[in-house]
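Written below as structure tokens is the structure these notes are about.
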Amino acid sequence: MLRVLLIVQKLLQENKHSSKRDIYYMHPSLFFDQSVVDRAINDICVLMQCSRHNLNVVSAGNGLVMGWIRFFEGKRIYECISSPNTAHPVPVHVEEVNDIISVAHYILVVEKESVFQRLANDQFCKTNRCIVITGRGYPDIPTRRFLRLLVEHLHLPVYCLVDCDPYGFDILTTYRFGSMQLAYDTKHLRVPEIQWLGAFPSDSDRYFVPKRCLLPLTAEDKKKVEAMLLRCYLEREVPQWRLELKLMLEKGIKFEIEALSVHTLSFLTESYIPSKIQGRVSI
């Protein structure tokens, strides 16, 4: 920890940034494993009561954004409005994001890059006047911080679309409530305004998803669902989410977002998402 503190001190003094992986490779024989650096960074954040970005330790961003928005990251401009269906990387230095301008009606967060790409191919943002973000699975810190910044700055409704399985639900709760691993920084990362757009377990009946597209929950899936049902904040803050999660366990099935495209390739972008948002079918 002392070695990492010295590195952090130097980063701050020289106004430079580094990733956790960079720090590990400065002294691989001393740290022995990447997890040693990860724990040290987390402990320092807890000790100093600060976020990782306050230490100038940044994550390599995985997130993507497209839609009706323009902003600066320092001196770099992200001009998404001129081509709203073109993907741009989520900025890593979120604290340097400024001059945010948007004419979007809402923000849509999607779990998977494949769904993000489907929206881009179908010109979804151009037609629906929105901003779309993906963390490509479990969201990294820049994606979560950037989403929180947009919600705070733009005051737009924000919806989340994930697979109907335990891992999709866990990703949804990570956006809204934060994660145990970064519990010390939850207030800077969680987005309590986010609404679950789908896919719900009840959607399999509502949208006539064929049996061939439904998968049985594995023993590991069931164990994960049972553990998530014990989370007290679900009953307290989003009881309807908990009911859908219980339904998943009762039905014993799961399905991917793409299963909704079994009817037509454009069903997701032309029917499912627009009808849910216009009809306010989110929880």
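Here, residue 1 is the first one in the sequence, and each next residue gets the next number.
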Please report the interatomic distance [atom1]([X]) to [atom2]([Y]), rounded to the nearest 0.5 Å.
X	Y	atom1	atom2	result
L247	S202	CG	OG	6.0 Å
N62	I141	CG	CD1	11.5 Å
L249	K222	CG	NZ	7.5 Å
M228	W241	CE	CH2	11.5 Å
L172	F177	CG	CZ	8.0 Å
L234	C232	CG	SG	8.5 Å

So does [Y] get a backbone contact from the side chain of [X], meaning a donor-acceptor N/O pair under 3.5 Å?
X	Y	value
T134	V110	yes
D203	R206	no
R148	R190	yes
W68	C125	yes
D163	I257	yes

Would you find more than 12 non-hydrogen atoms of other residues, nucleotides or ligands less than 6.0 Å from [X] atom [atom1]?
X	atom1	answer
E152	CD	yes
K224	NZ	yes
R212	CZ	no
E14	CD	yes
R231	CZ	yes

Quick check: do [X] and [Y] have side-chain heavy atoms less than 4.5 Å from each other?
X	Y	answer
M1	I44	yes
L217	P166	yes
Y106	N128	yes
I69	I100	yes
N56	N15	yes
L64	R136	yes
F124	I273	yes
W196	V238	no

What closest approach, in Å, do [X] and [Y] show between heavy atoms, and which atom pair accounts for it?
X	Y	answer
Y175	G135	OH-N, 3.5 Å
P89	V65	O-CG1, 4.4 Å
A199	C164	O-CB, 3.4 Å
S275	S271	OG-O, 2.7 Å
S261	L268	OG-CB, 4.2 Å
K276	G198	NZ-CA, 4.2 Å

For residues 26-33, run the donor-acceptor check on the side chains, cut-off 3.5 Å, and write out each pair with its distance to 0.1 Å, sequence neighbours left out.
{"unit_1": "D33", "atom_1": "OD2", "unit_2": "S35", "atom_2": "N", "d": "2.9"}
{"unit_1": "D33", "atom_1": "OD2", "unit_2": "S35", "atom_2": "OG", "d": "2.6"}

Item to check | Pair Y207 + F255: ring centers closer than 6.0 Å | outcome: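 Centroid separation for Y207 and F255: 6.0 Å or greater.
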
Checklist entry - Could you give all pairs that pass the side-chain hydrogen bond (donor to acceptor under 3.5 Å, both in side chains) test and reach residues 247-257, with sequence neighbours left out? => result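 Sorted pair list: K112-E256, D205-K251, D221-K254.
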
Next on the checklist: With a 4.0 Å cut-off on N to O distance, would you call D122 and R118 a salt bridge?
Outcome noted: yes

Item to check | Note: R145-E95 ion pair, threshold 4.0 Å (strictly below) | outcome: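 Yes, R145 and E95 are salt-bridged.
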
Within one Ile-Leu-Val-Met-Phe-Trp-Tyr cluster: [X] and [Y], side-chain cutoff 4.5 Å:
X	Y	answer
Y167	I194	yes
F72	V94	no
L147	L108	no
M66	I131	no
V115	V162	no

Checklist entry - When the ring planes of F267 and Y272 are compared, do they come out parallel, tilted or perpendicular, using 30° and 60° as the limits? => result tilted

Item to check | Member of V37, N42, V36 meeting the side chain to side chain contact (heavy atoms under 4.5 Å, CB included) criterion with R39 | outcome: V36

Next on the checklist: One pair to check against side chain to side chain contact (heavy atoms under 4.5 Å, CB included): D140 and V90. What are the steps and the verdict?
Outcome noted: CA-CA 10 Å; D140 55 26; V90 165; 5.8 Å; no

Item to check | CA sep, side-chain torsions, deciding dist, call: E79, I81, side chain to side chain contact (heavy atoms under 4.5 Å, CB included) | outcome: CA-CA 6 Å; E79 179 55 83; I81 294 178; 3.5 Å; yes

Item to check | Evaluation steps, side chain to side chain contact (heavy atoms under 4.5 Å, CB included), between K246 and R242 | outcome: CA-CA 6 Å; K246 287 180 67 177; R242 192 173 184 277; 3.7 Å; yes

Next on the checklist: side chain to side chain contact (heavy atoms under 4.5 Å, CB included), that's the test. Do L55 and L11 meet it? Break it down for me.
Outcome noted: CA-CA 8 Å; L55 308 179; L11 290 174; over 6 Å; no

Checklist entry - Any side-chain donor-acceptor pair under 3.5 Å between Y24 and D38? => result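 No pair is found: no donor N or O on one side chain lies under 3.5 Å from an acceptor on the other.
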
